[in-house]
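Naming: A, B, ... by sequence-line order, numbering from 1 per chain.
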2 protein chains.
Amino acid sequence: MRTVTPMPKLASNPFKKHQHSQCIRDALHSAEGLCKKNGFRLSNVRKRVLELIWESHQALGAYAILEQLGKEGVKPAPPTVYRALDFLLEAGLVHRINSLNAYIGCNHPKDSHHGSYFLICQHCHIVAEIHDKRIDEEVASLAERERFSISERALEISGTCQHCQETQHAR
Amino acid sequence: MRTVTPMPKLASNPFKKHQHSQCIRDALHSAEGLCKKNGFRLSNVRKRVLELIWESHQALGAYAILEQLGKEGVKPAPPTVYRALDFLLEAGLVHRINSLNAYIGCNHPKDSHHGSYFLICQHCHIVAEIHDKRIDEEVASLAERERFSISERALEISGTCQHCQETQHAR
DNA sequence: ATCTGTAATGTTATAATATAACACTTTGCG
DNA sequence: CGCAAAGTGTTATATTATAACATTACAGAT
Ligand SMILES: [Zn+2]
Ligand SMILES: [Zn+2]
Ligand SMILES: [Zn+2]
Ligand SMILES: [Zn+2]
């Protein structure tokens with residue numbers, strides 16, 4: 001197919017200019033691989049929802065997805081989208097950004113995350129998924145001190161990205 | 001005036017048995033102090049909402065608050081509660097738990113938080129606000145590496161508290 | 001190729017959470 | 001008191017999400 005990339009998945013920084021069509025291709029390709037491997041069924045709806053989410057690095061709401069699907073044919077009812085989202089969340093292909101009620105594509109769907117953390121620019125609305133072992137460790141140690149057994153964690157950091165700082169969109 | 005009080009506010013661990021009426025008293029008292037100091041108006045509605053939120057260490061939804069207010073007199077419309085919540089959030093007297101769409105009292109409303117982090121027990125639904133300088137630092141350093149200017153942060157850790165682990169409510 | 005059970009999707013209705021817009025009331029202050 | 005600002009009431013509606021049940025598509029067995 002395509003040239004074999006040297007680094008299997010070093011996600012590009014979504015705040016910086018980059019060849020985004022490559023993000024989309026990678027995401028779709030790795031989603032297909034993961035589904036095949038685990039016996040998940042990546043149906044048309046599910047795949048299309050994933051594609052829509054990956055069209056940008058901005059988090060996309062369920063009803064925005066619905067809207068888009070509507071423009072491409074018959075507009076489905078909300079459960080269709082929410083079911084696709086549930087599947088994608090379960091499969092680890094997307095993340096929900098709780099502070100936005102919206103969804104973004106996971107940038108490393110193969111790894112089982114310990115923790116993934118999000119930088120959310122309030123100006124351009126781009127969301128970057130970050131992995132940070134040291135935060136993982138501090139969180140684990142915090143939980144251990146409190147004898148708390150972790151099942152999920154979500155760190156959402158809102159602010160202004162470098163690009164928006166430079167272009168004075170920041171106030 | 002320094003270090004006259006032994007420890008002005010060492011919040012008790014909400015997962016452990018404790019004299020909760022003391023939590024409520026402390027919270028209300030310190031809310032009044034803070035409002036007086038900053039010229040905020042702690043009206044009846046606002047105060048009552050804060051009390052309701054402090055009735056337990058479980059996060060309370062806006063409509064649950066509404067329900068409670070209804071039992072105590074005339075049931076107000078949603079905006080009344082949301083406005084009170086907005087005020088309390090602004091004043092730093094409560095926090096919103098995004099993963100639950102619900103609200104809990106802040107356990108140290110005087111300090112300006114750098115970060116506060118939440119342990120959320122999925123069994124007893126108690127939420128504990130935690131402060132951790134080392135996580136603060138890691139988050140700050142992460143943001144610096146990415147040249148990201150932080151305005152808000154929310155870390156929500158879900159799982160099982162010690163008490164619920166011991167009493168086999170955990171599965 | 002047909003059958004068959006499960007998974008996926010369609011459909012309708014409704015729940016749960018949150019806000020907009022405008023009217024009215026209270027409060028602090030000159 | 002009289003005024004302006006802040007707070008609250010009221011009505012309507014927006015936004016996000018799920019329940020319940022009918023129908024269809026799909027993979028594996030015969
Ligand atoms: Zn990209
Ligand atoms: Zn930005
Ligand atoms: Zn308590
Ligand atoms: Zn518990």
Side-chain angles (χ1 to χ4, degrees), chain A residues 31-32 35-53 58-70 72-91 93-104 125 127 154 156, chain B residues 31-32 35-53 58-70 72-91 93-104 125 127 154 156:
Chain A
E32 269 156 9
C35 287
K36 177 153 281 178
K37 196 184 90 185
N38 298 26
F40 301 156
R41 251 179 70 198
L42 189 59
S43 69
N44 274 353
V45 185
R46 291 168 175 178
K47 185 166 166 187
R48 191 67 196 110
V49 169
L50 184 60
E51 282 168 0
L52 287 172
I53 287 175
Q58 294 163 328
L60 200 56
Y63 280 77
I65 293 169
L66 214 51
E67 216 47 52
Q68 264 314 113
L69 290 176
E72 303 171 359
V74 189
K75 182 169 175 175
T80 298
V81 165
Y82 280 102
R83 283 190 289 227
L85 288 170
D86 286 345
F87 167 83
L88 296 169
L89 287 166
E90 285 270 316
L93 292 166
V94 307
H95 296 292
R96 182 173 201 279
I97 306 299
N98 284 323
S99 58
L100 300 176
N101 297 333
Y103 305 83
I104 65 158
H125 301 111
V127 177
E156 300 180 13
Chain B
E32 270 157 8
C35 288
K36 177 153 284 180
K37 195 183 90 186
N38 298 26
F40 300 156
R41 250 179 73 198
L42 189 57
S43 69
N44 274 352
V45 184
R46 291 168 175 179
K47 185 166 166 185
R48 190 67 197 111
V49 169
L50 184 60
E51 281 168 1
L52 287 171
I53 287 175
Q58 295 163 328
L60 201 57
Y63 281 76
I65 293 169
L66 214 52
E67 217 47 54
Q68 265 313 113
L69 290 176
E72 304 171 359
V74 188
K75 181 167 174 175
T80 298
V81 165
Y82 280 102
R83 283 190 288 226
L85 287 170
D86 286 345
F87 168 83
L88 295 169
L89 287 166
E90 285 269 317
L93 292 167
V94 307
H95 296 292
R96 182 172 202 277
I97 306 300
N98 284 323
S99 58
L100 300 176
N101 297 333
Y103 305 83
I104 65 158
H125 301 111
V127 177
E156 301 181 13

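Counting to the nearest Å, the P atom of C:dA8 and the CZ atom of A:Phe87 are 7 Å from each other. Rounding to whole angstrom units, CG of residue B:Leu60 and P of C:dA16 are separated by 15 Å. For A:Leu89 and D:dT18, the CG to P distance is 10 Å, given to the nearest whole Å. Nucleotide C:dT17 holds its C1' atom 13 Å from the CG atom of B:Asn98, rounded to whole Å. The CD1 atom of B:Ile97 sits 18 Å away from the C1' atom of C:dA16 (whole-angstrom rounding). Summarising the geometry, the separation between CG on A:Leu66 and P on C:dT12 is reported as 14 Å, rounded to the nearest angstrom. The separation between A:Asn101 atom CG and D:dA14 atom C1' is 13 Å, rounded to whole Å. C:dT17 atom P lies 19 Å from atom CG of A:Leu100, rounded to whole Å.
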Contact pattern, 5' to 3', of nucleotides 19-24 of chain D - B, S or - by protein heavy atom under 4.0 Å: BB----
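For residues 40-47 of chain B, proximity to DNA chain D is found at B:Arg41, B:Ser43, B:Val45, B:Arg46, defined as any non-hydrogen atom under 4.0 angstrom from a strand atom.
A close approach under 4.0 Å does occur between a side-chain nitrogen or oxygen of A:Thr80 and OP1 or OP2 of C:dG10.
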Determine, step by step, whether B:Leu85 and B:Ile53 satisfy the side-chain contact (heavy atoms from CB on, under 4.5 Å) criterion, reporting the C-alpha distance in whole Å, the side-chain angles of both residues, the deciding distance to 0.1 Å, and the verdict. CA-CA 10 Å; B:Leu85 287 170; B:Ile53 287 175; 3.7 Å; yes
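In this structure, the separation between NZ on B:Lys36 and CZ on B:Arg41 is 13.5 Å, given to the nearest 0.5 Å. Separating the CZ atom in B:Phe40 from the CG atom in B:Leu88 is a distance of 11.0 Å, to the nearest 0.5 Å.
Remark: the backbone N or O of A:Leu69 is not paired with any side-chain donor or acceptor of A:Arg48 at under 3.5 angstrom. With A:Glu156 contributing its side chain and A:Ile97 its backbone, the two residues share no donor-acceptor pair below 3.5 Å.
Exactly one residue among A:Leu66, A:Val81, A:Ile65 makes a side-chain contact (heavy atoms from CB on, under 4.5 Å) with A:Leu52. That residue is A:Ile65.
For A:Ala102 and B:Lys75, each mapped to the nucleotide of DNA chain D holding its nearest heavy atom, the one lying further toward the 5' end belongs to B:Lys75. In terms of position on DNA chain C, the residue among B:Asp86 and A:Val74 whose nearest nucleotide sits closer to the 5' end is A:Val74.
The aromatic ring of B:Tyr63 is stacked on the base of C:dT17, with the two ring centres less than 5.5 Å apart and the planes inclined by under 30°. Ring-base stacking between A:Tyr82 and D:dT18 is not satisfied when judged by a centre separation under 5.5 Å and a plane angle under 30°.
The shortest distance between side-chain heavy atoms of A:Leu100 and A:Val127 falls below 4.5 Å. At a threshold of 4.5 Å between non-hydrogen side-chain atoms, the residues A:Arg83 and A:Arg46 do not count as touching.
By the neighbour-count criterion of 12 heavy atoms within 6.0 Å, atom CD of A:Glu72 is densely surrounded, having more than that number from other residues, nucleotides or ligands.
You'll find that the side chain of B:Pro78 is closest to C:dT19, out of D:dT16, C:dT17, C:dT19.
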